[in-house]
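Presented below is the structure to which this report refers.
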Amino acid sequence: MIQLMELTVNGERHDLAIEPRRTLVDVLRHDLGLTGTHVGCEHGICGACTVLVDGAPARACLIFAAQVEGAEIRTVESLSPEGELNDLQQCFSEHHGLQCGFCTPGMLMLAEGYLAEEPEPTTEEIREVVASNLCRCTGYQTIVEAIDDCASRRRAAFQEQLAGSRV
Amino acid sequence: MAAEPPPRDPHLRRDGAWVGASVPRREDPRLLAGRGRFVDDITLPGMLHAQFVRSTEAHADLLAVDLDEVRATPGVVAAYTAADLDLADITAELDRPPHEFVPTAMPVLARGKVRYVGEPIAVVVAKDPYAAEDGVEAAVVEYAPLEPVVTDLGALAEDAPLVHAEAPRNTLVDVSLFATEGIDDVFASAPVVVEVRSKTGRQNALPLETRGVVADWDDRDEQLRVQTCSQVPHQVRTVLARCVGLDEKQVRVTVPDMGGGFGQKCVVGREEIAAAAAALRLRRPVKWIEDRRDALTAAFLAREQRYTVRAAFSADGEILGLDADVVCDMGAYSCYPFTAGIEPLMASAEMPSVYRVPAYRVRGRAVTTNKAPTAPYRGVSRPQYVMVVERIFEKAARALGMDAVELRRRNVITVFPYTGVNNITYDPGSYLESLDLCEATLREEGWFSRRSDDNKVIGIGFACFSERTGYGSGAFAQRKMQVVPGFDLSEIRMDLNGTVSVTTGTLSHGQSHETTMAQIVADRLGVPYDRVKIVQGDTDRITYGWGSFASRSITIGGSAVAAASVKLGDQLREIAAHLLSGDPEAAVLEDGGVRVGSSWLSYADIADVAYLKAHLLPKGVGPGLSATASFDVGGDGTFSNATHGCVVELDPGTGGVEILRYVCVEDCGVAIHPQVVEGQARGGIAQGIAGALFEEVRYDDAGQPLAPSFMEYKVPTAMEIPDVRIEHLETPCAFTENGAKGAGEGGTIGAPAAVLNAVNDALRHTGVELDDTPIPREAIFRALETS
Ligand code: FES
Ligand code: FES
């Protein structure tokens with residue numbers, strides 16, 4: 001059985017003809033060639049497949065593509081469309097928040113979604129959020145530090161902007 | 001042609017060296033952008049997808065495998081049993097007599113008998129992974145169940161059923177490496193004898209990326225091309241060629257980006273061979289990606305060991321002897337290339353650890369059971385025996401009424417080189433200094449006073465240990481492996497515009513070799529590290545390599561890369577001196593070129609001559625710029641060392657353990673990239689904590705795995721893993737090219753001991769001592785409840 005559907009990923013519209021049992025992560029990776037999103041468990045625990053659905057982090061292995069027709073989906077590929085790393089990615093690199101890099105796209109999207117929602121988190125809150133995903137390489141500390149650093153840089157930049165607009 | 005050198009890079013260390021600078025990782029941009037290439041990211045035209053029909057029985061005769069329905073499943077292209085593919089078995093042997101080692105074969109697909117739940121019986125190849133799964137479900141397998149062997153003690157029982165008919169008492173390895181004469185008298189007359197009985201849980205190395213492969217036959221190159229996530233591509237080539245009956249040159253194994261390995265991928269897997277054999281048969285690309293359930297139940301496991309260790313001490317706390325019996329439950333098969341000897345031989349050879357032990361006796365056994373087979377896992381046996389030896393010191397301290405850290409101080413090796421009772425020579429390290437600094441750090445931070453807080457159950461634990469890294473051919477030969485890993489080969493080339501590419505036989509899968517190896521080359525040649533391209537993981541481009549395991553990459557691979565760079569540098573100096581009419585002896589490599597007296601020639605200019613104006617080269621110098629070098633460790637390898645200190649708080653309400661503080665004082669000689677070294681330590685400690693407190697692969701009495709998903713197999717998250725304070729000491733290695741020692745495993749080795757000692761310290765008022773891991777919560781709860 002094949003179903004026709006329309007999916008919006010990273011601002012681009014795609015027409016698909018797929019089996020209804022096809023998961024979002026399989027569609028992203030294998031039908032759209034967006035292989036940045038990874039698969040670590042296919043049962044919703046590891047978070048390697050985390051993408052943003054209408055801005056909120058979601059497990060792409062637990063969702064059928066058909067369920068998110070009409071939603072705005074964002075994957076790791078949207079963070080640096082022209083090759084230049086964004087501030088969050090830069091912070092991961094500076095803090096050595098990745099080793100093998102397999103969990104990284106999921107961690108980045110988790111953090112991206114979270115910081116948009118909560119721009120002033122405490123380190124403990126960040127740690128709790130990072131605990132939704134698994135990393136086998138880093139011991140997590142540098143991931144938490146990277147996100148923390150990114151949050152402060154964004155706040156500083158925002159303050160500067162405010163100060164600038166007041167002048 | 002002479003010119004001025006370019007300005008210096010801001011990332012260089014102040015003394016002008018790349019080694020020692022935490023430069024941005026070359027790997028990061030692609031991995032952060034989601035543009036890495038992992039094996040499941042690879043798609044080839046016409047590619048098919050494989051999955052496996054796996055045994056549902058732990059131990060059974062295989063009566064019939066009916067694949068008719070499988071082949072009729074929509075989307076399924078082919079399905080093969082062992083008989084259909086007719087592949088040679090995977091075998092790995094030790095050169096030891098039959099009473100010490102029993103060779104067993106691991107068939108690529110089960111034949112006649114199944115020996116664990118999850119064992120591959122047939123491979124199903126289909127147009128997409130969903131159809132392959134459908135096909136697998138349609139298989140009909142008929143078993144005649146046999147009584148399963150599910151524990152080490154069960155395996156050794158007199159009337160135990162045999163997992164392999166050729167291995168009596170299910171014993172694959174039984175070696176007594178050392179037995180100091182008169183050791184029984186030492187124990188008989190010793191004032192204090194303590195004993196530790198410890199059982200450690202079976203663990204999964206658990207790379208976040210499961211195993212996988214893409215294979216296809218290429219008619220133009222007449223090659224079976226295999227892209228696989230393996231730490232040991234050349235060994236995969238050898239086994240695959242042997243199994244399918246091709247020449248080595250007809251197989252090309254390449255390794256894309258890899259999502260961790262930790263040892264699980266440093267042995268040859270049966271599924272990667274079967275998938276490649278199917279691709280060869282079908283002349284179509286075949287991909288296999290292991291799903292998490294299979295990774296948790298049917299992939300290579302590790303660490304299930306039982307120790308019975310006694311130690312004798314003098315009245316003033318000097319260790320007099322160590323008497324050990326180690327049984328390792330290796331599961332159903334011996335792995336290639338290490339064999340089932342990997343764990344018992346490691347434990348036997350190195351157990352005296354960092355202490356001056358004058359008398360030593362050990363018996364190490366590997367038993368086979370009806371559980372998934374094992375492979376080396378980060379630290380191999382050392383997390384276990386270090387834990388046992390560190391428990392010994394805690395118990396002895398109690399028996400002697402001494403402080404346990406003080407007791408360690410009295411016995412730790414301080415004069416180097418030190419040749420132990422185990423015939424190993426330990427190169428200089430900072431055993432005592434690391435112990436002192438770790439204790440002082442926790443004291444300064446105030447943890448010793450918080451320990452006596454009456455309202456809380458707080459304990460402090462230490463682990464002092466060293467870790468042999470850089471096992472050369474000599475060290476592995478002592479294990480009597482038939483296939484002896486050790487050396488590394490490197491080929492270096494400079495291209496037209498002065499950029500450098502260099503091969504390494506090691507294989508980075510998270511350890512940052514693209515960066516750290518480049519730093520090594522950069523220093524030797526005086527070029528920026530981002531002008532150096534590391535070539536790894538390709539059996540066609542790399543003559544031979546042993547891959548990455550046993551913390552060998554920087555010690556051995558890094559040395560080979562350095563040696564090759566020096567040779568290339570000699571070539572560059574010779575040519576430049578000729579072109580500038582100077583003395584080659586006076587020529588120095590500097591700032592991306594060669595300086596001879598007051599003139600300087602860039603590498604690009606030299607390369608221009610070497611490739612495009614060869615008539616200008618000195619007499620006797622051929623065109624091109626390239627060199628090859630190899631490196632092996634002559635002696636016993638080099639020992640990294642560390643002391644870990646851990647503070648825990650126990651929850652009397654639940655028996656839970658919270659780690660309040662973790663300090664690691666480590667010494668891996670010269671750190672090429674300190675940030676990467678710290679990353680290895682932190683990640684290793686997380687895995688050690690996982691083994692101490694959370695993770696265990698359990699089976700029921702029928703041999704059915706009880707943890708087939710992440711719901712049951714509890715991988716710690718950021719909430720369970722603490723921040724780690726790291727302090728560095730540096731005792732450079734005298735015989736590796738860069739002064740570096742290995743840094744990949746130490747974290748994992750020290751953590752179980754530090755955590756277990758801390759928990760026992762917190763339980764000190766209860767009279768209960770716990771020696772097994774993962775530490776059972778209920779036992780802590782009960783101990784606190786009754787006190
Ligand atoms: S792959 Fe989706 S949560 Fe693990
Ligand atoms: S960096 Fe390897 S799993 Fe996180």
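Note that the structure is predicted; figures quoted are calculated from it, not measured. Every chain is numbered from 1, with letters handed out A, B, ... down the list of sequences.
- Between A:Arg13 and A:Glu69 there is no salt bridge, since none of the side-chain N atoms of the basic residue sits less than 4.0 Å from a carboxylate O of the acidic one.
- Per-residue heavy-atom pair counts under 4.5 Å with chain B were compared for A:Glu77, A:Glu19, A:Glu128, A:Arg22, and the maximum is reached by A:Arg22.
- For the residue pair A:Gln89 and A:Ser80, a side-chain donor N or O sits within less than 3.5 Å of a side-chain acceptor on the partner.
- Contacts of A:Asp26 with chain B are made by side-chain atoms alone, with heavy-atom separations under 4.5 Å and no backbone atom involved.
- Residue contact with chain A, scored on non-hydrogen atoms closer than 4.5 Å, involves the backbone of B:Ala205 exclusively.
- Counting heavy-atom pairs closer than 4.5 Å to chain B, the top-ranked of the candidates A:Leu134, A:Val130, A:Val144 is A:Leu134.
- Interface remark: A:Glu42 contributes side-chain atoms only to the contact with chain B (heavy atom separation under 4.5 Å).
- The residues A:Glu94 and B:Arg25 are annotated as not salt-bridged, no charged nitrogen and carboxylate oxygen being separated by less than 4.0 angstrom.
- For an aromatic pair to be called close, the ring centres must be under 6.0 Å apart, and B:Phe262 with B:Tyr377 fails this.
- With respect to chain A, the highest number of heavy-atom pairs below 4.5 Å among B:Ile289, B:Leu206, B:Asp291 belongs to B:Leu206.
- For chain A, the nearby parts of B:Gln675 are the backbone and the side chain; heavy atoms of each come within less than 4.5 Å.
- With respect to A:Arg21 and B:Asp134, a salt bridge is recorded, a charged nitrogen being found less than 4.0 Å from a carboxylate O.
- Only the side chain of A:His30 has a heavy atom closer than 4.5 Å to any heavy atom of chain B.
- Neither the backbone nor the side chain of B:Asp257 comes within contact range of chain A, judged by heavy atoms closer than 4.5 Å.
- Between B:Asp40 and A:Arg29, at least one side-chain N (NZ, or NE/NH1/NH2) sits under 4.0 Å from a carboxylate O, which counts as a salt bridge.
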Query raised in the report: Could you go step by step and tell me if B:Met258 and A:Phe102 meet the side-chain contact (heavy atoms from CB on, under 4.5 Å) rule?
Result: CA-CA 8 Å; B:Met258 227 166 106; A:Phe102 197 77; over 6 Å; no
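- Looking only at distances, no side-chain donor or acceptor of A:His14 sits under 3.5 Å from a matching main-chain atom of A:Leu7.
- For chain B, the nearby parts of A:His96 are the backbone and the side chain; heavy atoms of each come within less than 4.5 Å.
- Looking only at heavy-atom pairs under 4.5 Å with chain A, the residue among B:Ala686, B:Ala33, B:Pro129, B:Pro722 that has the most is B:Ala33.
- Under the 4.0 Å criterion applied to side-chain N and carboxylate O atoms, B:Arg26 and B:Asp28 are not assigned as salt-bridge partners.
- Only the side chain of A:Tyr140 comes within less than 4.5 Å of a heavy atom of chain B; its backbone N, CA, C and O stay farther away.
- If you tally non-hydrogen atom pairs under 4.5 Å between each of A:Val76, A:Thr37, A:Thr75, A:Leu88 and chain B, the highest count goes to A:Val76.
- With a threshold of 4.5 angstrom between heavy atoms, B:Gln680 approaches chain A through its backbone and through its side chain.
- Within 6.0 Å of atom CD in A:Glu117, 12 or fewer heavy atoms from other residues, nucleotides or ligands are found, so the atom counts as exposed in its surroundings.
- For chain A, the option among B:Asp723, B:Ile721, B:Val724, B:Thr210 with the highest count of heavy-atom pairs below 4.5 Å is B:Asp723.
- Of the atoms belonging to B:Ile685, not a single heavy atom falls under 4.5 Å from chain A.
- Atom CZ of B:Arg35 has 12 or fewer heavy atoms from other residues, nucleotides or ligands within 6.0 Å.
- Chain B forms the most heavy-atom pairs under 4.5 Å with one residue out of A:Cys41, A:Gly33, A:Gly36, and that residue is A:Cys41.
- Judged purely by atom type and a 3.5 angstrom limit, B:Arg292 uses its side chain to pair as donor or acceptor with the backbone of B:Leu208.
- With a 4.5 angstrom heavy-atom cutoff, B:Met719 touches chain A via backbone and side-chain atoms both.
- Without hydrogens or angle criteria, B:Lys714 side chain to B:Ala690 main chain gives no donor-acceptor distance under 3.5 Å.
- When heavy atoms are compared at a cutoff of 4.5 Å, B:Ser709 approaches chain A by way of both its backbone and its side chain.
- B:Phe710 touches chain A through backbone and side chain together, each having a heavy atom under 4.5 Å away.
- Both the backbone and the side chain of A:Leu98 come within less than 4.5 Å of a heavy atom in chain B.
- For the residue pair B:His509/A:Gln99, the side-chain donor-acceptor check at 3.5 Å is not satisfied.
- Interface check for chain B: of the options A:Thr138, A:Leu108, A:Thr35, the most heavy-atom pairs under 4.5 Å are formed by A:Thr35.
- The parts of A:Thr23 that come within reach of chain B are both its backbone and its side chain, each placing non-hydrogen atoms under 4.5 angstrom from that chain.
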